[in-house]
Amino acid sequence: MPFLRVDAYEGRRKEQVKELLDAIHRAILSAFGVPVHDRYQVYQEHSESNFIAQDTGLGIDRTKNVVFIGITSKQRTEAQKITLYTKLVQELKTCGIEQNDIVVSIITNSDADWSFGNGRAQFLTGEL
């Protein structure tokens, strides 16, 4: 936890996807201070006809390298979120993804919203 969903245009090689997911994980580790093995990521590619990435009127040009990063997480401070955005830019630059091609959305939930298996809410039962 957190749970990440990354959406992008199709065409990245397997190694590029791994590098991208590793870079995002490093940013999460740094910004949110989660344990290294706390990693839940889903990567999904989309054809050009099924993926639209416009600039929301902010004058941000997008390329075919754009990635949407959806993060579901327990509450984080504003400072942690701002740090995450900065760390994502730094880490994803190593993958050839520029800051204009990084779109992030964070959805916050509570301890009761997580079950890691066995039909229990581990945060509530003190297992985590």
Side-chain angles (χ1 to χ4, degrees):
M1 205 273 308
F3 175 73
L4 280 77
R5 179 178 173 97
V6 180
D7 292 276
Y9 284 108
E10 61 189 356
R12 285 188 171 87
R13 294 184 322 277
K14 183 179 177 179
E15 301 80 26
Q16 291 173 308
V17 172
K18 182 180 179 337
E19 289 173 9
L20 184 146
L21 294 176
D22 288 347
I24 293 170
H25 188 60
R26 288 191 300 271
I28 290 286
L29 290 172
S30 178
F32 289 177
V34 300
V36 71
H37 294 292
D38 196 354
R39 186 171 180 175
Y40 299 90
Q41 299 174 315
V42 175
Y43 180 84
Q44 179 70 48
E45 290 189 338
H46 305 275
S47 67
E48 193 169 335
S49 64
N50 294 327
F51 196 70
I52 299 172
Q54 295 179 333
D55 77 351
T56 317
L58 298 172
I60 301 172
D61 293 325
R62 310 275 184 220
T63 73
K64 297 295 183 223
N65 282 332
V66 68
V67 291
F68 281 58
I69 305 169
I71 303 169
T72 303
S73 174
K74 293 171 44 174
Q75 184 65 43
R76 306 292 172 173
T77 66
E78 284 186 18
Q80 286 175 308
K81 293 174 186 178
I82 298 302
T83 298
L84 175 65
Y85 304 147
T86 302
K87 294 293 183 181
L88 284 168
V89 166
Q90 294 168 353
E91 291 290 347
L92 290 173
K93 179 94 170 157
T94 67
C95 301
I97 300 172
E98 299 295 331
Q99 62 187 6
N100 56 297
D101 278 330
I102 304 168
V103 180
V104 182
S105 176
I106 300 175
I107 299 167
T108 302
N109 61 16
S110 69
D111 289 347
D113 297 314
W114 291 92
S115 173
F116 295 95
N118 299 326
R120 294 193 300 272
Q122 285 84 1
F123 285 119
L124 292 179
T125 61
E127 296 173 63
L128 289 178

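Bear in mind the structure is a predicted one, so any value in this text is a computation, not a measurement.
Within 6.0 Å of CD on Q44 lie more than 12 heavy atoms contributed by other residues, nucleotides or ligands. In the displayed structure, I52 atom CD1 is contacted under 6.0 Å by at most 12 heavy atoms of other residues, nucleotides or ligands.
Taking both residues in full, the closest heavy atoms of Y43 and A8 are given as OH-CB, 3.6 Å, listed atom of the first, atom of the second, then distance. V89 and I102 get closest at one heavy-atom pair: CA-CD1, 3.8 Å. Closest approach of F32 to S73, counting heavy atoms only: CE1-OG, 4.2 Å. The minimum heavy-atom distance linking R12 with N65 is given by the pair NH2-O, 2.9 Å. Here the closest non-hydrogen pair linking I60 and N100 is CG2-O, 3.5 Å. Shortest non-hydrogen contact noted between I71 and P2 is CG2-CB, 3.8 Å.
Hydrophobic clustering (side-chain heavy atoms under 4.5 Å, transitive across Ile, Leu, Val, Met, Phe, Trp, Tyr) groups I28 together with V104. Transitive grouping of hydrophobic side chains (ILVMFWY, heavy atoms separated by less than 4.5 Å) keeps Y9 and V67 in distinct clusters. Both I82 and L84 are members of a single hydrophobic cluster when ILVMFWY side chains are connected at heavy-atom separations under 4.5 Å. Linking Ile, Leu, Val, Met, Phe, Trp and Tyr residues whenever their side-chain heavy atoms come within less than 4.5 Å leaves V66 and Y85 in two separate clusters. Placement of L21 and I69 within a single hydrophobic cluster is found when ILVMFWY residues are connected by side-chain heavy-atom separations under 4.5 Å, directly or transitively.
In terms of the salt bridge (charged side-chain N to carboxylate O under 4.0 Å, His left out) criterion, residue partners of R39 (sequence neighbours excluded) are, by chain and number, D22. Take E15 and apply the salt bridge (charged side-chain N to carboxylate O under 4.0 Å, His left out) test, not counting sequence neighbours, and it matches R13. By the salt bridge (charged side-chain N to carboxylate O under 4.0 Å, His left out) test, D7 pairs with R5, sequence neighbours left out. In terms of the salt bridge (charged side-chain N to carboxylate O under 4.0 Å, His left out) criterion, R76 has no residue partners (sequence neighbours excluded).
For residues 119-128, the pairs satisfying side-chain hydrogen bond (donor to acceptor under 3.5 Å, both in side chains) are R120-E127, T125-E127, with sequence neighbours left out.
Taking the six-membered ring for Trp and thresholds of 30 and 60 degrees, W114 and F123 have ring planes more than 60 degrees apart, a perpendicular arrangement.
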Under 3.5 Å, which donor-acceptor pairs do the side chains of residues 91-98 form with other protein atoms, sequence neighbours left out?
{"unit_1": "E91", "atom_1": "OE1", "unit_2": "R26", "atom_2": "NE", "d": "2.7"}
{"unit_1": "E91", "atom_1": "OE1", "unit_2": "R26", "atom_2": "NH2", "d": "3.0"}
{"unit_1": "K93", "atom_1": "NZ", "unit_2": "E98", "atom_2": "OE1", "d": "2.9"}
{"unit_1": "K93", "atom_1": "NZ", "unit_2": "E98", "atom_2": "OE2", "d": "3.1"}
{"unit_1": "T94", "atom_1": "OG1", "unit_2": "E91", "atom_2": "O", "d": "2.5"}

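Distance OG/S115 to CG/L124: 10.0 Å, rounded to 0.5 Å. Of the inter-residue distances, the one linking F68 atom CZ with R62 atom CZ reads 6.5 Å to the nearest 0.5 angstrom. Residue Q41 holds its CD atom at 9.5 Å from NZ of K18, rounded to the nearest 0.5 Å.
A 4.5 Å side-chain heavy-atom check between H25 and L29 finds at least one atom pair inside the cut-off.
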